[in-house]
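Here the structure comes first, spelled out in structure tokens, and everything after it is commentary.
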Amino acid sequence: MCMSSKKKEDASSVEDRLDFIQEKIMRWEEDQSMIWELGPEEASEYMNAANDALQLIEKLEGLHLSKVDKDYKILLRAYNVLQTAMARLEEEFKNLLIQNRQPFEPEYVSFRSSEEDAIDENSVVSLGDESIEELLHRDSVSRASEELIIDLVHPDVMPYLRCIANLLIASNYVLECSHAYTIVRRDALDECLFILEIERLSIEDVLKMEWGTLNSKVKRWVWAVKIFVRVYLASERWLSDQIFGEGEPVSIACFIDASKASILQLLNFGVAMSIGPYKPEKLFCILDMYEVLADLMPDIDALYSDEVGSYVKTEFHEVLERLGNCVRAAFLEFGNAIASNASSTAFVGGGVHPLTRYVMNYLRTLTDYTETLNLLLKDQEEEDAISLSPDTSPRTEEDSRSRGSPGRVSSMTLHFRSVASILESNLEDKSMLYKEASLQHLFLMNNLHYMAEKVKGSELRRIYGDEWIRKHNWTFQQHAMKYERASWNSILNLLKDEGIHVPGTNSISKGLIKERLMSFYLGFEEVYRIQTSWFIPDVRLREDLRISTSLRVIQAYRTFVGRHSSHIRDKYIKYTADDLENYLLDLFEGFQKWL
């Protein structure tokens, strides 16, 4: 056979093959039904036809045809047939992703280990509020070996999706395939945020929100962001790797394009929260947000490890830094708020001031964030913290050891001691609002005792140290002694023998003794009337001060009456020692009484 005849025969054979392929492809253009919904045989037939078109094109392209060659026209026809097939496969690809999307339910989802077979091995785990914490709070070693992967698309269609994606990519329809995938998965991620009850809020919306509503939103956000990153994003990355190939550029690009908007929406809430005003009540919310983002940092770094994902990773780090700065600013504002908490009237009864309770309970709650606060507060100059009060420096070797560092006190200790010093200074100012010196000391005794007990009985002890507790125990005891002196010294002086003798003789003046005794009774009744309305909330402290006072008063009274019993008629003994002792038990109950 001559060469020209063979070429004609080859051309005829190629054209017949294209006609056969085109007939199979174009048949579905007249049918509006989705091919994969009709069964695997039809799907396989269509895929084979599209693949044959691709192979035919590759064969013809290998001939390096010119425009005058007859086969060139066949090549152009083949391009059109392949384009038609690719457009159809793109629609089929999207439809498979949409129709086989698995519902995401945070309370009940199917998890798989990334080390197990992706399709055959999975286990069902309840995701209630308690179990989610166990599953999500894993260390980095655990997360590296086993991720919380769920099936976002039904496993049965994964082979079809891989085949379609491979053919689209092989046919140079990478952008079309990526676009179709990204649109569907982006919508799925938006739906996930909706299910997790994460609203799309602007910064202005957040700043205008009432505190109660905002606090609730933060709690929901902290819970949701862990699920979204560790479960949903990890599963999203796994899905793109399964369809496009693990670590393939198209897989990475599709995952990032699909997930970027959702993760940035979550981070936008963090940005809004980091904007002032830096109110002390926001500190716990900000700390919760900071800690969850810091905990998720390795996950984000792993999910967006490639250069194309650096923008998301950078945004995540920047939001974390902003929240850290917000923590420092809110803590500083906490100290400023204490210092500026002025009172125009004295606190009734001299008990524990609400400010003292608030500050100490606030600090105790902050101990739940010890590691984070030590990290964030260490950036503050130690000199600034020390300059707020001379009480902030370590005084003993034990103090240093209690901080876990042989040579320096932790940043948290410096700042917490500074806050305590600010509070004590404020309490000193508040004590001056009382007219009675005795009530000033009672007030300071109550509040310093409360501070010392709060530290001693909580995790604050590890921060402040035993030396701080000993100092404050000694200080409040000093105020107790000063209270006794201010309240009783002038009254008990009436029971002393000085000045009761008849001038120029050693004889005792019965009139003076009677006068002294009556004055003592009046003084006692006045103290009783006033100090029954004073309040010592701590039962043990109240009893201790009553006992201490009783010992002084009753002993002095018994001694005076006993020594001068021959000079005092019974009718002048208004109260027995037992009566006085019982009356002293009524002091500091906060309810005024009269004798």
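Index from 1, following the sequence. Keep in mind it's a predicted model, so treat the numbers as computed, not measured.
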Exercise. Going by heavy atoms in the side chains, are Lys217 and Phe269 under 4.5 Å from each other?
Worked result: yes
Exercise. Just checking, any donor-acceptor pair under 3.5 angstrom between side chains of Ser411 and Asn374?
Worked result: no
Problem set entry | Close side-chain approach of Asn172 to Met86, heavy-atom, < 4.5 Å | no
Exercise. What about the rings of Tyr160 and Phe93, do their centers lie closer together than 6.0 Å?
Worked result: no
Problem set entry | Note, Trp221 side chain near Cys285 side chain (heavy atom, < 4.5 Å) | no
Exercise. Is the backbone of Thr367 close enough, under 3.5 Å, to the side chain of Thr370 for a donor and an acceptor to pair up by distance?
Worked result: yes
Problem set entry | Criterion salt bridge (Lys or Arg N to Asp or Glu O under 4.0 Å) on Asp190 and Arg186, from CA distance to verdict | CA-CA 6 Å; Asp190 285 341; Arg186 187 183 294 152; over 6 Å; no
Problem set entry | Passing candidate, side-chain hydrogen bond (donor to acceptor under 3.5 Å, both in side chains) with His472, options Lys456, His449, Glu424 | Glu424
For this session: Output the distance between atom CD (Glu459) and atom CG (Leu363), rounded to the nearest 0.5 Å.
Result: 13.5 Å
Exercise. Okay, side chain of Thr213, backbone of Met209: is any donor-acceptor separation there less than 3.5 Å?
Worked result: no
Exercise. In this structure, are over 12 heavy atoms from other groups packed under 6.0 Å from Glu281 atom CD?
Worked result: yes
For this session: Step by step, work out the salt bridge (Lys or Arg N to Asp or Glu O under 4.0 Å) result for Arg470 and Glu467.
Result: CA-CA 5 Å; Arg470 281 192 292 270; Glu467 179 65 22; 3.1 Å; yes
For this session: Start with the C-alpha gap between Arg185 and Glu236, add the side-chain angles, then the distance that decides, and say whether salt bridge (Lys or Arg N to Asp or Glu O under 4.0 Å) holds.
Result: CA-CA 8 Å; Arg185 294 314 307 163; Glu236 193 68 45; 2.8 Å; yes
Exercise. Does any non-hydrogen side-chain atom of Leu332 lie less than 4.5 Å from one of His415?
Worked result: no
For this session: Indicate yes or no for a side-chain donor-acceptor contact from Ser425 to the backbone of Ile422 under 3.5 Å, with no hydrogens or angles considered.
Result: no
Problem set entry | Under 3.5 Å donor-acceptor, Asn446 side chain and Gly350 backbone | yes
For this session: Give a yes or no on whether the ring-centroid distance for Phe316 and Tyr304 is below 6.0 angstrom.
Result: no
For this session: For the pair Ser418 (side chain) and Leu414 (backbone), establish whether a donor and an acceptor sit closer than 3.5 Å, ignoring hydrogens and angles.
Result: no
For this session: Output yes when a side-chain donor or acceptor of Ser178 lies under 3.5 Å from a complementary backbone atom of Val174, and no otherwise.
Result: yes
Exercise. Do Asp288 and Tyr369 have side-chain heavy atoms sitting under 4.5 Å apart?
Worked result: yes
For this session: Without swapping roles, check the side chain of Arg328 against the backbone of Leu376 for a donor-acceptor pair under 3.5 Å.
Result: yes
For this session: Taking the side chain as every heavy atom from C-beta outward, state whether Val271 and Ile203 have any pair of such atoms under 4.5 Å apart.
Result: yes
Exercise. Got a donor-acceptor contact below 3.5 angstrom from the Ser458 side chain to the Leu460 backbone?
Worked result: yes
Exercise. Trp36 side chain to Glu92 main-chain N or O, any donor-acceptor pair under 3.5 Å?
Worked result: no
Exercise. Mind checking what makes ring pair (Phe, Tyr, Trp, His ring centres under 6.0 Å) contact with Phe244, not counting sequence neighbours?
Worked result: Tyr181
For this session: Would you check if the side chain of Asn95 reaches a backbone N or O of Met34 as a donor-acceptor pair within less than 3.5 Å?
Result: no
Exercise. Is there side-chain contact between Lys430 and Asn426, with heavy atoms separated by less than 4.5 Å?
Worked result: yes
Problem set entry | Enclosure of Arg200 CZ (heavy-atom neighbours >12, cutoff 6.0 Å) | no
Exercise. Taking everything shown except Glu318 itself, do over 12 heavy atoms lie less than 6.0 Å from its CD?
Worked result: yes
